[in-house]
Amino acid sequence: MKRVVVTGMGAITPIGNSVDEFWNGILNNKVGIDKITKFDTENFKVKLAAEVKDFNAKDYMDFKAAKRMDPFCQYAVAAAFEAMKDAELDMEKEDAYRVGVSVGSGVGSLQSIEKEAAALFNKGPQRINPLFVPLMITNMAAGNISIQTGAKGKSINVVTACATGTNSIGEAYRTIQYGDADVMFAGGTEGAVSALGIGGFMALKALSTSEDRLRASIPFDKDRNGFVMGEGAGVVILESLEHAKARGAHILAEVVGYGTSSDAYHITSPVEDGSGAARAMENAINDAGISKEDITYINAHGTSTHHNDLFETRAIKLAFGEHAPSLKINSTKSMIGHMLGAAGAVEFITCVKEIEEGYIHPTVGFKNEDEELDLNYVKLNGIKENVEYALSNSLGFGGHNSSLLVKKYSE
């Protein structure tokens with residue numbers, strides 16, 4: 001099978017609308033959580049979210065094209081263009097049918113659903129926007145990236161709730177490994193900070209009700225009480241090593257492992273012993289052909305909910321055994337909230353940057369230790385050290401578990 005490398009990255013996040021801005025925010029422990037501005041929260045117990053800030057779609061793409069996209073698509077296209085530029089990928093020099101797209105969204109456009117449902121019930125079906133369906137459906141992130149970039153190869157939309165971004169990159173990795181494409185745009189996107197999105201997760205009692213922006217998303221902390229909704233997109237360019245070398249691309253890292261599993265347990269809760277997530281991690285490590293002891297760092301799913309953080313900790317202990325206490329574990333969600341379908345993609349970008357920079361960021365806001373959560377969650381300060389491998393976990397409603405293993409590139 002072909003080796004697969006990362007040659008470009010793009011990001012729209014709550015702490016920066018480019019990879020450089022995002023990474024600078026990470027280095028400064030910047031928390032992108034604040035009061036919700038996108039709708040009136042007077043009747044909502046949840047007041048905070050990690051919104052994308054200062055984003056204007058026409059700065060990234062044709063204005064007419066942007067008008068035919070809702071936020072989740074706009075974020076995806078903007079991130080894809082940045083990744084394309086970063087990779088110095090010239091589509092005029094590529095066989096467009098060998099360049100594909102694997103970009104997913106967990107929920108698509110809840111804004112369009114809100115707006116058009118109101119039009120239906122208040123004014124009748126004749127007042128529904130003719131573009132409602134293409135604005136709303138989740139596959140249009142991948143579709144619009146293909147249209148805007150000219151990529152004519154395999155184009156797919158993986159939807160596995162909060163594991164969407166990780167699965168999307170994993171499936172792109174497999175596509176290149178097996179020779180079905182030379183290049184893939186891969187990642188995830190989400191724009192669900194809306195009354196319906198916040199209201200739905202609030203009804204599920206999944207969201208933090210804290211009004212302290214620095215104590216709302218606090219993964220692994222004893223005082224955690226739910227996740228904070230985030231939004232944005234992460235898109236990377238994956239290529240076969242031979243293709244990247246042939247065009248003289250700058251190689252950022254190598255993808256060496258991808259593992260998945262299903263809990264087959266509950267629609268929202270991970271299986272309590274962590275066995276499902278443990279198997280996904282083990283599968284990624286076995287895919288890479290390395291030993292568990294080669295892993296020193298994990299970017300955890302780490303949502304700041306009671307169940308996830310506890311059961312993911314159990315999963316890490318189950319997968320790594322006596323090696324687990326030696327691992328450095330962090331959660332990027334402590335700074336950017338939970339970006340749902342985009343989370344795994346942005347956290348993958350974090351892993352690549354940590355490998356490049358030799359820096360593991362802290363789990364910001366983690367102060368109070370919980371009895372069973374006794375691993376090293378990188379408290380208070382980041383750690384400067386060589387990162388050879390980074391394992392990134394994502395767990396989604398419905399029991400979807402996925403892990404990606406990224407390696408520092410070497411010949």
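Using cut-offs of 30° and 60° on the angle between ring planes, the pair Phe55 and Tyr60 is parallel.
The backbone N or O of Val364 lies less than 3.5 Å from a partner atom in the side chain of Ser334, making a donor-acceptor pair. In this structure, Asp309 contributes its side chain and Pro219 its backbone to no donor-acceptor pair below 3.5 Å. A donor-acceptor contact shorter than 3.5 Å links the side chain of His301 to the backbone of Leu395. Judged by distance alone, with hydrogens and angles left aside, the side-chain atoms of Ser331 form a donor-acceptor pair with the main-chain N or O of Gly302 at under 3.5 Å. Proximity of a side-chain donor or acceptor of Lys53 to a complementary backbone N or O of Glu51 within less than 3.5 Å is detected. Side-chain atoms of Arg213 never come within 3.5 Å of backbone atoms of Leu48 as a donor-acceptor pair (strictly under, hydrogens ignored). Between the side chain of Asn283 and the backbone N or O of Thr260, at least one donor-acceptor pair lies under 3.5 Å. With hydrogens and angles disregarded, a donor-acceptor distance shorter than 3.5 Å links the side chain of Ser102 to the backbone of Ser168. Looking only at distances, a side-chain donor or acceptor of Asp221 sits under 3.5 Å from a matching main-chain atom of Lys367. Between the Arg224 side chain and the His306 main chain, a donor and an acceptor come within less than 3.5 Å of each other.
Between the CG atom of Leu373 and the CD atom of Glu312 there is a distance of 10.0 Å, given to the nearest 0.5 Å. With rounding to the nearest 0.5 angstrom, the CZ atom of Arg174 is 4.0 Å from the CG atom of Asp287. Put simply, CD1 on Ile26 and CD1 on Ile360 are 13.0 Å apart, with the number rounded to the nearest 0.5 Å. Put simply, OH on Tyr258 and CG on Asn286 are 15.5 Å apart, with the number rounded to the nearest 0.5 Å. Put simply, CZ on Arg68 and CE on Met140 are 10.0 Å apart, with the number rounded to the nearest 0.5 Å. For the atom pair CE (Met335) and OG1 (Thr13), the distance works out to 10.5 Å, reported to the nearest 0.5 Å.
Using a 4.5 Å heavy-atom threshold, the side chains of Val99 and Phe185 count as touching. Counting heavy atoms from C-beta outward, Leu404 and Leu391 have side chains that stay 4.5 Å or more apart. The shortest side-chain heavy-atom distance between Tyr409 and Val256 does not fall under the 4.5 Å cut-off. When side chains are defined from C-beta on, Met9 does not count as touching Ile237, because their heavy atoms never get closer than 4.5 Å. Considering only heavy atoms from C-beta on, Leu375 comes within 4.5 Å of Ile316 through its side chain. At least one side-chain heavy atom of Thr7 sits under 4.5 Å from a side-chain heavy atom of Val5. Between Trp23 and Ile349 there is no side-chain heavy-atom pair separated by less than 4.5 Å. Using a 4.5 Å heavy-atom threshold, the side chains of Met91 and Met84 count as touching.
No hydrogens or angles considered: a donor-acceptor pair under 3.5 Å links the side chains of Ser261 and Asn401. Between the side chains of Ser210 and Ser208, no donor N or O sits under 3.5 Å from an acceptor N or O. In this structure, a donor-acceptor pair under 3.5 Å is absent between the side chains of Ser105 and Thr138. For the residue pair Asp70/Ser109, the side-chain donor-acceptor check at 3.5 Å is satisfied. Ser403 and Asn393 share a side-chain donor-acceptor pair at under 3.5 Å. Lys45 and Thr209 form no side-chain donor-acceptor contact under 3.5 Å, judged by distance and modelled atom types alone. Counted by atom type alone, Glu388 and Thr296 present zero donor-acceptor pairs between their side chains at under 3.5 Å.
For Lys47, the NZ atom counts as densely surrounded, since its 6.0 Å shell holds more than 12 non-hydrogen atoms of other residues, nucleotides or ligands. The neighbour count for Asn368 CG, taken as heavy atoms of other residues, nucleotides or ligands under 6.0 Å away, is above 12. Within 6.0 Å of CZ in Arg247 there are more than 12 heavy atoms belonging to other residues, nucleotides or ligands. The number of heavy atoms from other shown groups lying within 6.0 Å of NZ (Lys85) does not exceed 12. More than 12 heavy atoms of other residues, nucleotides or ligands lie within 6.0 Å of CD in Glu293, so this atom counts as buried by the packing criterion.
For the residue pair Thr350 and Asn299, the shortest heavy atom distance occurs at CG2-ND2, 4.0 Å. Taking every heavy atom of both residues into account, Cys162 and His338 meet most closely at SG-NE2, 3.2 Å. Scanning both residues, Leu327 and Asn376, for their nearest heavy atoms gives O-CB, 3.4 Å. Contact between Glu190 and Tyr75 at its shortest, heavy atoms only, is O-CD1, 3.4 Å. When all heavy atoms of Pro270 and Asn308 are compared, the pair lying nearest together is CG-CA, 4.4 Å. Taking both residues in full, the closest heavy atoms of Val235 and Ala79 are given as CG2-CB, 3.8 Å, listed atom of the first, atom of the second, then distance.
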With side chain to side chain donor-acceptor pair (under 3.5 Å) as the criterion, how do His361 and Thr332 come out once you've worked through the C-alpha distance, each side chain's angles and the decisive distance to 0.1 Å?
CA-CA 8 Å; His361 74 71; Thr332 308; 3.0 Å; yes
From CA spacing to verdict: side chain to side chain donor-acceptor pair (under 3.5 Å), Thr313, Glu372:
CA-CA 8 Å; Thr313 294; Glu372 194 176 337; over 6 Å; no
Could you walk me through whether Arg215 and Asp223 satisfy the side-chain contact (heavy atoms from CB on, under 4.5 Å) test, starting with their C-alpha distance in whole Å, then the side-chain angles of each, then the deciding distance to 0.1 Å, before giving a yes or no?
CA-CA 9 Å; Arg215 294 293 293 163; Asp223 298 329; 3.3 Å; yes
Checking side chain to side chain donor-acceptor pair (under 3.5 Å) for the pair Glu354/Asn330: CA distance, chi angles, key distance, verdict?
CA-CA 12 Å; Glu354 287 176 315; Asn330 64 6; 3.3 Å; yes
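Remark: Lys38 engages Glu231 in a salt bridge, criterion side-chain N to carboxylate O under 4.0 Å. Taking the charged nitrogens against the carboxylate oxygens, Glu356 and Lys353 do have a contact shorter than 4.0 Å, which makes a salt bridge. Salt bridge present: Lys292 and Glu282 bring a charged side-chain N and a carboxylate O closer than 4.0 Å. In summary, Glu369 and Lys222 do not engage in a salt bridge, as defined by a charged side-chain N under 4.0 Å from a carboxylate O. Checked for salt-bridge contact, Glu254 and Lys408 miss the test: no charged N lies under 4.0 Å from a carboxylate O. Ion pairing between Glu347 and Lys333 holds under the 4.0 Å rule for side-chain N and carboxylate O. For the pair Arg98 and Asp182, the salt-bridge criterion is met [side-chain N within less than 4.0 Å of a carboxylate O].
Of the listed residues (Lys317, Arg314, Lys379), just one forms a salt bridge (charged side-chain N to carboxylate O under 4.0 Å, His left out) with Asp374, and that residue is Lys317.
A cation-pi geometry, defined here as NZ or CZ lying under 6.0 Å from the six-membered ring centre and within 45° of its normal, does not hold between Lys384 and Tyr359.
Partners of His266 according to the ring-ring contact (aromatic ring centres under 6.0 Å, His included) rule, which considers only residues two or more places apart in sequence or in another chain, do not exist here.
Under the 6.0 Å cut-off for aromatic ring centres, Tyr389 and Tyr297 do not qualify, their centroids lying 6.0 Å or more apart. The six-membered or imidazole ring of Phe220 lies near that of Tyr377, with a centre-to-centre distance under 6.0 Å.
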